[in-house]
Number of protein chains: 2
Amino acid sequence: MRIGDIARQAGVSTRALRYYEERGLLAPDRTHSGQRTYPGSAVERVRLIQQLLTAGLPSRTIRKLLPFIEAGQGSPDAFELLAAERDRITATMADLAATRDALDRMIEIAHHPTPEHCPALREPPWAPYTDVADDGAAALEPAAPTSEPSN
Amino acid sequence: MRIGDIARQAGVSTRALRYYEERGLLAPDRTHSGQRTYPGSAVERVRLIQQLLTAGLPSRTIRKLLPFIEAGQGSPDAFELLAAERDRITATMADLAATRDALDRMIEIAHHPTPEHCPALREPPWAPYTDVADDGAAALEPAAPTSEPSN
DNA sequence: CTTGCCCTTGACGTCAACGTCAACTTTTAC
DNA sequence: GTAAAAGTTGACGTTGACGTCAAGGGCAAG
């Protein structure tokens, strides 16, 4: 298959495919005239690359992982690499969950017409990390009537 | 508080604080000589900004959100904006979960010394989207008969 | 043969969130 | 009073994953 076929079936641009090759993630054959020729399995491979990139793995890491993944087995090094990336993703998910929950709390508060009698306001939804406490008075600064960020 | 104090307590660089100001996320006062002066609440604000940035929200979006968050209540527009970002984060989390599960399957397979009798190989862990099916034979690349751990 | 589409390499542009450096002024410490 | 530390603006550099031309080569159809 030629580069355009792979691009269409995998849902990426031809530029992306050439970029992946440049980064060592793909190694297509060439026809006599120099055109790239991919096996059908390249479609799956490109989708995997895309998924890993979307998950935040840099192409350098993907390059290290791909041989083991394609082989279906790996050395202890491969295992550690895979596990490390899995843990990184898990940590990112936890971060996202915390932020999403904070947004949920903000949304709930935004639904209350008069937030005065809303007990949730005691725990500000936008302060997930409470470890500073060096100046309790300053933390409750009376909201100065300074102009809000213009927009 | 001056810029260095905020930076230390919030765990960011002074450059980042000036950048946030440039993007309209912060609006510190100035002393007579031109130095920035922040209220103590800026520490929390900066941490929230950091959290949202880490969650993938661009500063432009954060700029729109911050007034509503600080006010503790908002218009229907604010609600929609907050909900949209929450949904975006949830979608990202689902993506990450799928990738993490794929990595987990790869790890499990990598643990099997002889993957021949491993039924998990029937469903390749690196092909989460199965809708191509143009060449099933090529998908089961014949692994080298030598079970030597490469590398 | 020529039209049109696909392909090639090469090189520069983009965008976000800062890092880094320069040149200078203000504040703080001794 | 002097030096170090911290602050200021301005401007350019970085990184990753591509987008976007530019200038040409290859090839089936009419």
Side-chain angles (χ1 to χ4, degrees), chain A residues 1-39 42-43 45-66 85 88-89 92 95 99 149, chain B residues 1-39 42-43 45-66 85 88-89 92 95-96 99:
Chain A
M1 304 173 87
R2 295 191 304 174
I3 196 173
D5 305 323
I6 302 291
R8 259 186 306 279
Q9 293 190 31
V12 303
S13 68
T14 63
R15 177 67 177 90
L17 293 180
R18 284 191 271 264
Y19 175 71
Y20 296 162
E21 181 178 353
E22 182 190 326
R23 312 300 346 253
L25 308 182
L26 294 176
D29 280 344
R30 299 301 185 112
T31 68
H32 121 84
S33 68
Q35 296 202 355
R36 291 171 177 82
T37 302
Y38 298 82
V43 175
R45 190 179 176 115
V46 168
R47 288 188 186 170
L48 171 62
I49 291 171
Q50 267 291 108
Q51 187 182 13
L52 293 177
L53 282 175
T54 306
L57 282 78
S59 61
R60 192 169 48 258
T61 302
I62 300 177
R63 180 167 132 201
K64 292 188 218 156
L65 287 179
L66 275 180
E85 289 307 320
R88 216 187 43 77
I89 291 176
T92 302
D95 261 27
T99 304
Chain B
M1 305 174 88
R2 297 193 304 174
I3 196 172
D5 304 324
I6 302 292
R8 258 185 307 279
Q9 294 190 32
V12 303
S13 67
T14 62
R15 177 67 177 89
L17 294 179
R18 294 196 192 96
Y19 174 72
Y20 296 161
E21 180 177 355
E22 181 190 326
R23 311 302 344 250
L25 308 182
L26 295 176
D29 280 344
R30 300 300 186 113
T31 68
H32 130 80
S33 70
Q35 295 204 354
R36 291 171 177 82
T37 300
Y38 298 81
V43 174
R45 191 178 176 116
V46 169
R47 288 187 185 171
L48 172 63
I49 292 171
Q50 268 290 106
Q51 187 181 14
L52 294 176
L53 283 176
T54 304
L57 282 78
S59 60
R60 194 169 47 259
T61 303
I62 299 177
R63 179 167 128 203
K64 291 188 216 154
L65 286 179
L66 275 179
E85 290 307 321
R88 216 186 45 75
I89 290 175
T92 301
D95 261 28
L96 287 181
T99 302

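Chain letters run A, B, ... following the sequence lines, proteins first, then strands; residues in each count from 1.
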Would you say that A/Leu48 contacts A/Leu66 through its side chain, given a criterion of any heavy-atom pair below 4.5 Å between the two side chains? yes
Of B/His32 and B/Pro58, the one whose closest DNA chain C nucleotide lies more 5': B/Pro58
Across the strands shown, which category fits A/Leu57 at heavy-atom distances under 4.0 angstrom: base, sugar-phosphate, nothing? sugar-phosphate
Side chains of A/Asp5 and A/Val43 in contact at under 4.5 Å (non-hydrogen atoms): no
Considering only heavy atoms from C-beta outward, does the side chain of A/Val12 approach that of A/Ile49 to under 4.5 Å? no
If I take atom CD in residue B/Gln50 and atom C1' in nucleotide C/dC18, what distance separates them, rounded to the nearest angstrom? 10 Å
Under 3.5 Å, sequence neighbours excluded: what are the donor-acceptor pairs made by side chains of residues 24-31 of chain A?
unit_1  : atom_1 : unit_2  : atom_2 : d
A/Arg30 : NH1    : A/Gly34 : O      : 2.9
A/Arg30 : NH2    : A/Glu21 : OE2    : 3.2
A/Thr31 : OG1    : A/Ser33 : N      : 3.3
A/Thr31 : OG1    : A/Ser33 : OG     : 3.2
A/Thr31 : OG1    : A/Gln35 : N      : 3.2

Spacing of B/Tyr19 atom OH relative to C/dT20 atom C1', expressed in whole Å: 16 Å
Partner of A/Tyr20 by side-chain hydrogen bond (donor to acceptor under 3.5 Å, both in side chains), out of A/Arg63, A/Arg45, A/Gln50: A/Gln50
Kindly give the heavy-atom pair with the smallest separation between A/Ala7 and A/Leu17, and that separation in Å. N-CD1, 3.7 Å
Within the 4.0 Å limit for protein heavy atoms, which parts of nucleotides 4-12 of chain C are touched? Write it as a string from 5' to 3', B for base, S for sugar-phosphate only, - for none. --SSBB-B-
Below 4.0 angstrom from OP1 or OP2 of D/dG16, is there any side-chain N or O of A/Ser59? no
Over how many whole Å does the gap from A/Arg23 atom CZ to D/dG16 atom C1' extend? 8 Å
Base, sugar-phosphate alone, or nothing: which one does A/Glu22 contact when heavy atoms must sit under 4.0 Å apart? nothing
Can you tell which of C/dA16, D/dG16, C/dA17 lies closest to the side chain of A/Arg60? D/dG16
Mind checking B/Leu17 for me? I need base, sugar-phosphate or nothing, with any heavy atom below 4.0 Å counting as a touch. nothing
